[in-house]
2 protein chains.
Amino acid sequence: MLTNSRLVHQAHDHGRCINAALTRALDLCVERKARMTPTREAVLRLLWQSHQPLGAYQLQDQLATLLDKTIAPPTVYRAIEFLLQLGLIHRIASLNAYIGCPFPNSDHSNLFMICNNCGSAAEVAHASINELLQTASDKANFTLQSQTLELFGLCPQCASIENESK
Amino acid sequence: MLTNSRLVHQAHDHGRCINAALTRALDLCVERKARMTPTREAVLRLLWQSHQPLGAYQLQDQLATLLDKTIAPPTVYRAIEFLLQLGLIHRIASLNAYIGCPFPNSDHSNLFMICNNCGSAAEVAHASINELLQTASDKANFTLQSQTLELFGLCPQCASIENESK
DNA sequence: ACATTAATGTTATATTATAACGTAACACTT
DNA sequence: AAGTGTTACGTTATAATATAACATTAATGT
Ligand SMILES: [Zn+2]
Ligand SMILES: [Zn+2]
Ligand SMILES: [Zn+2]
Ligand SMILES: [Zn+2]
């Protein structure tokens, strides 16, 4: 089971997360002959700044600060669209928010574990869940094309804090 | 595996679907000492009129026609909120749309198979998927509280049409 | 009848996302 | 280097989804 859940939920050198993500992104751009422009890179960085998904208008604010100029919504949504297409980020439908993907390229399940308390979102690529969903689809004669899988609850940290306070 | 997928994807006496849903709803209201008002009932009926999820503003239009008066968004959202609380309907996050639940009361997985072609959404209560998600959560020390599971693809009917046209 | 609570009406506004159109940067050919 | 097509960005306006706040009405229990 591929997961970034331990990283997300523990203290770690997050600069490495960002750098690794950026490197993967640049490689992917070369491969696909796509352009990683300053705006796009800034959005990707912002989405990797924490392990919490950001909304488009949060991105807009932070982008305006970062680039020191006014940014209109279409600029943000265009960068988001680009990064989504390349598979570098995901949209969390339940939150109308976006987050960097820790394992682009690789075929994975888009399964997220999202903390109701701190807002962190860990992505989990779980092969047997994929298989089971495929089996369930087959049984129903449903041609599976894509999926949105979002689990909500308490991350390990927040759960332990809740337990202490009892 | 509990599912309404066969019903959704085949011709059937849909009046029965609606009546059954209404009866379940009224029972549940008695049980919970909640009131099934005309507006709430109308919204529930509309959400059972087809097996396609409806957006809040589609509901607003249809409700205005049905009740023959102007309806403001809060009215619609209040009815939606009420029905969601009772577990009589679900929200499909990826679509910002709502649909009647074929098996309220029963503890189920909120798994939907949604057709990209015709828009129909079948709900599937799949125990082993639930178990697997619980296991995955346990492994990650994640306290699972709720879930959004939406599969997109082609329903049996639309898939067979696509195959014919090849 | 009266007080209390629950539901609805009404107006305004917040939040998320896109349409439409013009301009600038880039990349490729000649 | 100039011309041409393509890609990305800027800008304005607006669509689509959802909620806040407060007034009014209806139902419920005493
Ligand atoms: Zn991913
Ligand atoms: Zn947390
Ligand atoms: Zn259901
Ligand atoms: Zn279909």
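Proteins get letters first, then strands, A, B, ... in listed order; numbering begins at 1 in each.
- For the OP1/OP2 pair of C:dT18 and a distance below 4.0 Å, the side-chain nitrogens and oxygens of A:Y77 include no atom meeting the criterion.
- At whole-Å resolution of the value, CD in B:E81 and C1' in D:dA18 are 12 Å apart.
- For B:G100 against B:I89, the heavy-atom pair with the smallest separation is CA-CG2, 4.0 Å.
- Look at CZ on A:F82: it is 18 Å from P on C:dT18, rounded to the nearest Å.
- We find that CG of A:L95 is positioned 15 Å from C1' of D:dA18, with the value rounded to whole Å.
- Sorted by first and then second residue, the side-chain hydrogen bond (donor to acceptor under 3.5 Å, both in side chains) pairs involving residues 92-103 of chain B (not counting sequence neighbours) are A:T148-B:S94, B:R91-B:N96, B:R91-B:Y98, B:S94-B:E150.
- Going from atom CD of B:Q60 over to atom C1' of D:dT19 covers 14 Å, rounded to whole Å.
- Scanning for side-chain hydrogen bond (donor to acceptor under 3.5 Å, both in side chains) contacts around A:S128 gives A:H126, with sequence neighbours left out.
- The phosphate of C:dT8 (OP1 or OP2) has a side-chain N or O of B:T37 nearer than 4.0 angstrom.
- The phosphate of D:dT17 has neither OP1 nor OP2 within less than 4.0 Å of any side-chain N or O from A:N96.
- In this structure, CD1 of B:I71 is placed 10 Å from C1' of C:dT8, rounded to the nearest angstrom.
- With hydrogens and angles left out, the side chain of B:Y57 and the base of D:dA15 share no donor-acceptor pair within 3.5 Å.
- For A:M36 and D:dA8, the CE to P distance is 11 Å, given to the nearest whole Å.
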All N/O donor-acceptor pairs, side-chain side in residues 53-72 of chain B, below 3.5 Å, sequence neighbours left out:
| from | atom 1 | to | atom 2 | distance (Å) |
| --- | --- | --- | --- | --- |
| B:Q58 | OE1 | B:G55 | N | 2.8 |
| B:Q60 | NE2 | B:I71 | O | 2.7 |
| B:T65 | OG1 | B:D61 | O | 3.1 |

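- A:K33 comes within 4.0 angstrom of nothing in the nucleic acid, heavy atoms only.
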**Request:** Using the side-chain contact (heavy atoms from CB on, under 4.5 Å) rule, take A:L149 and A:N110 through it: C-alpha gap first, then chi angles, then the decisive distance, then the call.
**Result:** CA-CA 6 Å; A:L149 307 173; A:N110 295 338; 5.6 Å; no
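- When each of B:G55 and A:P74 is assigned the nucleotide of DNA chain D with its nearest heavy atom, A:P74 is the one assigned upstream, toward the 5' end.
- Of the candidate nucleotides C:dT11, C:dT8, D:dA18, D:dA18 has the atom lying nearest to any side-chain atom of B:A56.
- For residues 128-138 of chain B, the set of pairs meeting the salt bridge (charged side-chain N to carboxylate O under 4.0 Å, His left out) definition, not counting sequence neighbours, is empty.
- Considering every non-hydrogen atom in both A:F142 and B:C115, the closest pair reads CE1-N, 4.3 Å.
- Taking atom CG of residue B:L54 and atom P of nucleotide D:dA16, one finds them 16 Å apart after rounding to whole Å.
- Residues passing the side-chain hydrogen bond (donor to acceptor under 3.5 Å, both in side chains) test with B:Q49: none are found, sequence neighbours excluded.
- Residues in residues 44-60 of chain B take part in these salt bridge (charged side-chain N to carboxylate O under 4.0 Å, His left out) pairs, two or more places apart or across chains: B:E41-B:R45.
- Under the side-chain hydrogen bond (donor to acceptor under 3.5 Å, both in side chains) criterion, the residue pairs touching residues 14-39 of chain A are A:H12-A:H14, A:H14-A:H51, with sequence neighbours excluded.
- Residues B:I92, B:I99, B:F112, B:I114, B:F152 make up the rest of the hydrophobic cluster containing B:L95, defined by ILVMFWY side-chain heavy atoms closer than 4.5 Å, directly or through other members.
- For B:Q85, the side chain to side chain contact (heavy atoms under 4.5 Å, CB included) partners at least two apart in sequence or on another chain are B:E81.
- Along DNA chain C, the nucleotide nearest B:A34 and the nucleotide nearest B:T70 are compared for position; the residue whose nucleotide lies closer to the 5' end is B:A34.
- In this model, the phosphate group of D:dG10 is approached by a side-chain N or O of A:T75 to a distance below 4.0 Å at OP1 or OP2.
- Listed in residue order, the members of residues 86-94 of chain B having a heavy atom less than 4.0 Å from DNA chain D are B:R91.
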Report all interatomic pairs (protein N or O, nucleotide N or O of nucleotides 23-30 of chain D) with separations under 3.5 Å.
none

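- Terminal axes of the helix from C:dA1-D:dT30 to C:dT30-D:dA1 (five pairs each, C1' rotation axis) are separated by 30°, to the nearest 10°.
- In this structure, A:R40 places its CZ atom 16 Å from P of C:dA25, rounding to the nearest Å.
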